[in-house]
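FYI, side chains are in, hydrogens and waters are out, and symmetry mates aren't considered; it's all heavy atoms of this structure.
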Amino acid sequence: MFTVSVEDKDSSMNGMGVLSIGNISAAEFNLTDNSDWTGKLMLIKELDYETITSFIITITATDSGTDPGPLSSTATLTVSVRDIDDVPPQWIGEPYSTRIYSNTKVNTTILTVSARDGDRTNPNEVEYYIAPNETLTNNISEYFEVNRFSGEVYVTYNIANIKGDFNLSVLAVESDRKQDWEIKTSTTEVALQIIPIDVIIAPPDVATIATSISLLIICVVAVFVLALCINRGDHDFKHRRVHPVLEPTKKEMSPIEENKEDTVTATTTV
């Protein structure tokens with residue numbers, strides 16, 4: 001991958017030494033050291049631009065001198081990672097699910113799916129397609145279509161006679177076909193429930209309606225009677241009065257009345 005050369009002006013043992021690397025994980029690079037101060041920096045692991053975009057490698061050359069001691073020198077090497085189209089589109093908002101009625105009209109949008117290119121540098125646009133996946137349980141792709149650019153899924157055929165739970169497979173494809181590497185794709189599944197319209201608009205229950213009307217009439221009559229009783233009681237209270245007690249005197253009493261043993265007392269209440 002990369003060759004490192006070192007020159008030492010000392011002679012004999014003082015002019016010999018080793019090369020080493022630092023500030024980097026040994027999992028990505030390896031430096032092979034030759035006796036002539038030449039080393040090769042080798043890549044031993046595949047790099048991922050989405051994980052790290054560059055490496056700064058410190059290479060150290062150390063001689064074998066003993067007087068005054070081993071001497072060393074360092075150099076810095078920067079390795080930049082190039083981004084390639086190696087990440088498929090990433091779906092946003094998964095999982096997808098929706099419920100629609102069997103009277104949903106053709107060309108009605110039922111939901112919108114969305115995906116973006118997983119590569120960070122110059123990401124490609126993403127296009128959408130319905131995938132006729134025959135291995136998918138309860139696949140119903142022939143009744144729906146997806147807008148190639150917006151991701152809007154809509155009805156294409158009459159679904160009046162269809163009901164139940166289904167799965168719809170949608171494919172996201174990177175739109176740039178000019179690159180040298182393979183175009184990446186990704187698939188998502190939409191859980192779709194179609195509810196029959198007769199469940200929503202059920203015929204009325206005659207018995208239930210009759211019972212409800214009877215209860216309503218009873219309640220109205222009871223309220224009317226209660227209001228009438230309250231009003232009558234209030235009327236009697238306002239017009240009630242007590243007449244004074246009438247006690248006839250002896251002067252007013254006739255001879256016949258004087259012979260009566262009891263005094264007549266009259267109280268009249270209206």
Is the ring pair Y128/W91 parallel, tilted or perpendicular, if the boundaries are 30 and 60 degrees?
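Because their plane-to-plane angle lies in the 30° to 60° range, the rings of Y128 and W91 count as tilted.
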Heavy-atom pair of closest approach, residues [X] and [Y]:
X    : Y    : answer
V87  : D117 : O-OD1, 3.5 Å
A172 : P89  : O-CG, 3.9 Å
P88  : T185 : CB-O, 3.5 Å
T187 : S169 : CG2-OG, 3.1 Å

Kindly work out whether a path of hydrophobic side-chain contacts (I/L/V/M/F/W/Y, heavy atoms less than 4.5 Å apart) joins [X] to [Y].
X    : Y    : result
V146 : I92  : no
I162 : L168 : yes
F149 : V153 : no

What do the steps show when you test I213 against T211 for side-chain contact (heavy atoms from CB on, under 4.5 Å), and what is the final call?
CA-CA 5 Å; I213 294 176; T211 302; over 6 Å; no
Hey, could you give me the [atom1]/[atom2] distance between [X] and [Y], rounded to the nearest 0.5 Å?
X    : Y    : atom1 : atom2 : value
I140 : I159 : CD1   : CD1   : 7.0 Å
F29  : M42  : CZ    : CE    : 11.0 Å
T98  : L111 : OG1   : CG    : 5.5 Å
E28  : L47  : CD    : CG    : 6.5 Å
F166 : E189 : CZ    : CD    : 15.0 Å
I197 : N103 : CD1   : CG    : 3.5 Å

Min side-chain heavy-atom separation [X]-[Y] under 4.5 Å:
X    : Y    : result
I56  : T76  : yes
I218 : V220 : no
R99  : I195 : yes
I130 : V170 : yes
V173 : L171 : yes
I57  : L41  : yes

Q90 and R116: side chain donor to acceptor below 3.5 Å:
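Side chains of Q90 and R116: no pair found under 3.5 Å.
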Y96 and E94: side chain donor to acceptor below 3.5 Å:
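Result is no, nothing qualifies.
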Between T156 and Y143, is there a donor-acceptor pair closer than 3.5 Å when you use the side chain of the first and the backbone of the second?
yes
Is a donor on one side and an acceptor on the other found under 3.5 Å between the side chain of T108 and the backbone of K105?
yes
Compute the centroid of each ring, for Y154 and then for F144, and state whether the two points are separated by less than 6.0 Å.
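For Y154 and F144, the ring centres are not under 6.0 Å apart.
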Which residue is it: I110, N167, D165? I am looking for the one with a side chain to side chain contact (heavy atoms under 4.5 Å, CB included) to L192.
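Only one of I110, N167, D165 forms a side chain to side chain contact (heavy atoms under 4.5 Å, CB included) with L192, namely I110.
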Before accepting this row, confirm whether a basic side-chain N of the pair E174/K184 lies closer than 4.0 Å to the acidic partner's carboxylate O.
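No, E174 and K184 are not salt-bridged.
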